[in-house]
Amino acid sequence: MRVLLVGAGGVGTAVTRIAARRPFFELMVVADYDPARAEAAVAALGADGDRFHAERVDAGDEAQVTALLERHGCDVLLNATDPRFVMPLFRAARAGGAAYVDMAMSLSRPHGERPYEECGVKLGDEQFARAAEWEEAGRLALVGMGVEPGLSDVFARYAADELFDEIEEIGVRDGANLTVDGYDFAPSFSIWTTIEECLNPPVVYERDRGWFTTEPFSEPEVFDFPEGIGPVECVNVEHEEVLLVPRWVDARRVTFKYGLGRDFTDTLRTLHLLGLDRTEPVTVPGPDGPVKVSPRDVVAACLPDPATLGDRMHGKTCAGTWVRGVKDGAPREVYLYHVVDNQWSMSEYGCQAVVWQTAVNPVVALELLATGAWSGAGVLGPEAFPARPFLDLLTAYGSPWGLREQ
């Protein structure tokens, strides 16, 4: 397998460090708009970096990405950029005859008149609209293959196949007890993406109603997370699992709730109130005259890069899928989860816990594709594939998952 990895930020760098320990690929081209970041990611691998090569690429330039795929003979593109670049990279992979893997999906657009009741353009709609084209070409686009979405979807498939006869509800629940020394507000993941998913109208799925939306941060609940994390208030946010799981898993209801905490949600509400969550440029004075800037980009520039916070970070992060239903005629309720301790990920890989947990899952998926344990054509989510090979290989990577009866 020859891989083009686009994006050498925190998650992309973690991908290289995890993949360097596995023999399943021949070459990984690490490409970024900033060539210094790509070169640094490769250089950090030392003697393990002989199968890696750094390049510069503009992720928004489809022709440039396609040419890079063809020049290096890459047969898969792994997208480790933010969701703004999903569609150009998705199209470039198709044009270059490569498979495609991402960790998020094409962006949504709220309903113009009833944003907190009806869906507008949903996450992934633009990609699924081209599913027939990929299927006819015999090519695979594996979408939403990070941790959430990604591993959480694998857990949903596993629950349906091995733990339940009927599923009443699937609810992805994400929480952490991470703290960052020296910062009152320092998100552990991209603030651009966090704003996007937290301030857009959350989507809920119900079998009798289909997909619909609610107010941001709706339906608060306290969820008790395992391995010492403890109770965290979780609220509805927009996330890909709600759009993916019902396509392949039969459940009456599907939700995603994020354990943000009250201080975090209050900060996001303030950003929204001030218009600082907007992506449309505004004109501001500059030293050489007026310039246009995106308020959200300004917020991101004012906050620390999450990839650099590992040495200051303490605690654990948990991604998981809560499932309620019936097995052998009796009610059953479980939580399938994956916990990463920041101290472990930093000492073992030099990566903070959240970016490492996101990065390990697409690497596992690439290995399954390379060995043929997973195969397919079209635009498919993680739940379209058998779960057991993925979960077994994740454990073999030294990062086991857990199951708690509720």
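We count residues from 1, following the sequence as given. As a basis for the values below, the full set of heavy atoms in this structure was taken, side chains included, without hydrogen atoms, waters or symmetry mates.
- The side-chain heavy atoms of Glu241 and Glu148, taken from C-beta on, include a pair separated by under 4.5 Å.
- Rounding to the nearest 0.5 angstrom, the gap separating the CG atom in Leu271 from the SG atom in Cys198 is 11.0 Å.
- Geometrically, Arg209 engages Phe212 in a cation-pi contact, judged by NZ or CZ lying under 6.0 Å from the ring centre and within 45° of the ring axis.
- Between the side chain of Ser345 and the main chain of Cys351, a donor-acceptor pair closer than 3.5 Å is present.
- Atoms CG and CG, on Leu69 and Leu4 in that order, are 5.0 Å from each other to the nearest 0.5 Å.
- Without hydrogens or angle criteria, Arg2 side chain to Cys74 main chain gives no donor-acceptor distance under 3.5 Å.
- Ring geometry for Phe128 versus Trp248: interplanar angle of 30 to 60°, hence tilted.
- Residue Glu166 qualifies as open at atom CD: its count of foreign heavy atoms under 6.0 Å is 12 or below.
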Please evaluate residues Phe185 and Phe264 with respect to the criterion ring pair (Phe, Tyr, Trp, His ring centres under 6.0 Å), reporting the C-alpha separation (whole Å), side-chain torsions for both, the decisive distance (0.1 Å), and the verdict.
CA-CA 8 Å; Phe185 184 77; Phe264 201 103; 5.1 Å; yes

Please evaluate residues Phe155 and Trp322 with respect to the criterion ring pair (Phe, Tyr, Trp, His ring centres under 6.0 Å), reporting the C-alpha separation (whole Å), side-chain torsions for both, the decisive distance (0.1 Å), and the verdict.
CA-CA 9 Å; Phe155 283 148; Trp322 164 75; over 10 Å; no

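- The side-chain heavy atoms of Tyr100 and Leu140, taken from C-beta on, include no pair separated by under 4.5 Å.
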Worked check of salt bridge (charged side-chain N to carboxylate O under 4.0 Å, His left out) between Glu221 and Arg173:
CA-CA 10 Å; Glu221 67 176 61; Arg173 299 293 184 265; 3.1 Å; yes

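- Counting non-hydrogen atoms of other residues, nucleotides and ligands closer than 6.0 Å to CD of Glu219 gives a total above 12.
- Under the 4.5 Å side-chain criterion, counting only non-hydrogen atoms from C-beta, Glu55 is in contact with His72.
- Under the 6.0 Å distance and 45° angle rule, Arg21 counts as a cation-pi partner of Tyr349.
- A donor-acceptor pair is defined here as one N or O able to donate and one able to accept, closer than 3.5 Å; such a pair exists between the side chain of Thr66 and the backbone of Glu62.
- Residues passing the salt bridge (charged side-chain N to carboxylate O under 4.0 Å, His left out) test with Glu333, sequence neighbours excluded: none.
- Judged by distance alone, with hydrogens and angles left aside, the side-chain atoms of Asp125 form no donor-acceptor pair with the main-chain N or O of Val121 at under 3.5 Å.
- Taking the six-membered ring where the residue is Trp, the centroids of Phe85 and Phe90 are separated by 6.0 Å or more.
- In this structure, the side chain of Thr317 does not engage the main chain of Ala176 through any donor-acceptor pair within 3.5 Å.
- Looking only at distances, a side-chain donor or acceptor of Ser106 sits under 3.5 Å from a matching main-chain atom of Gly124.
- Two residues are said to be in side-chain contact when any heavy atoms from C-beta on lie closer than 4.5 Å; Arg332 and Glu168 fail this criterion.
- A parallel orientation is assigned to the rings of His239 and Phe256, their planes being inclined by less than 30° (bins at 30° and 60°).
- Looking only at atom types and distance, the side chain of His314 has a donor-acceptor partner in the side chain of Asp181 under 3.5 Å away.
- Counting only distance, with no hydrogens or angles, the side chain of Thr16 and the backbone of Thr13 share a donor-acceptor pair below 3.5 Å.
- The closest side-chain donor-acceptor pair between Asp82 and Thr193, if any, does not fall under 3.5 angstrom.
- Atom OH of Tyr33 sits in a sparse spot, with 12 or fewer heavy atoms from other residues, nucleotides or ligands closer than 6.0 Å.
- Counting only N and O atoms by type, the side chains of Thr213 and Glu118 include no donor and acceptor under 3.5 Å apart.
- In this structure, the side chain of Lys316 engages the main chain of Glu227 through a donor-acceptor pair within 3.5 Å.
- With 3.5 Å as the limit, one finds no donor-acceptor pair spanning the side chains of Thr179 and Arg312.
- The closest side-chain heavy-atom distance from Glu133 to Arg94 is below 4.5 Å.
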Go through the steps to decide whether Arg207 and Asp250 satisfy the test salt bridge (charged side-chain N to carboxylate O under 4.0 Å, His left out), and finish with yes or no.
CA-CA 9 Å; Arg207 183 188 296 146; Asp250 186 17; 3.2 Å; yes

Steps toward side chain to side chain contact (heavy atoms under 4.5 Å, CB included) verdict (Arg296, Leu276):
CA-CA 6 Å; Arg296 193 185 301 185; Leu276 294 175; over 6 Å; no

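- Between Gln357 and Leu151, the closest side-chain pair of non-hydrogen atoms is not below 4.5 Å.
- Relative ring orientation between Phe225 and Tyr335 is described as perpendicular, the plane-to-plane angle rising above 60° on a 0-90° scale split at 30° and 60°.
- Other residues, nucleotides and ligands contribute over 12 non-hydrogen atoms within 6.0 Å of the CD atom of Gln406.
- In this model, a donor atom of one side chain and an acceptor atom of the other lie less than 3.5 Å apart for Gln127 and Asp102.
- Arg51 is linked by a salt bridge (charged side-chain N to carboxylate O under 4.0 Å, His left out) to nothing, counting only residues two or more places apart in sequence or in another chain.
- Annotation: side chain of Leu27 is in contact with side chain of His53 (closest heavy-atom distance under 4.5 Å).
- Expressed to the nearest 0.5 Å, how far OG of Ser218 lies from OH of Tyr116 amounts to 11.0 Å.
- Annotation: the span from Leu403 atom CG to Leu391 atom CG amounts to 10.0 Å, rounded to 0.5 Å.
- Here the side chains of Leu366 and Met1 are in contact, with some heavy-atom distance below 4.5 Å.
- Ring pair Trp374/Phe390 is parallel by interplanar angle, where below 30° counts as parallel and above 60° as perpendicular.
- Counting heavy atoms of neighbouring residues, nucleotides and ligands inside a 6.0 Å radius, atom NE2 of His272 does not exceed 12 of them.
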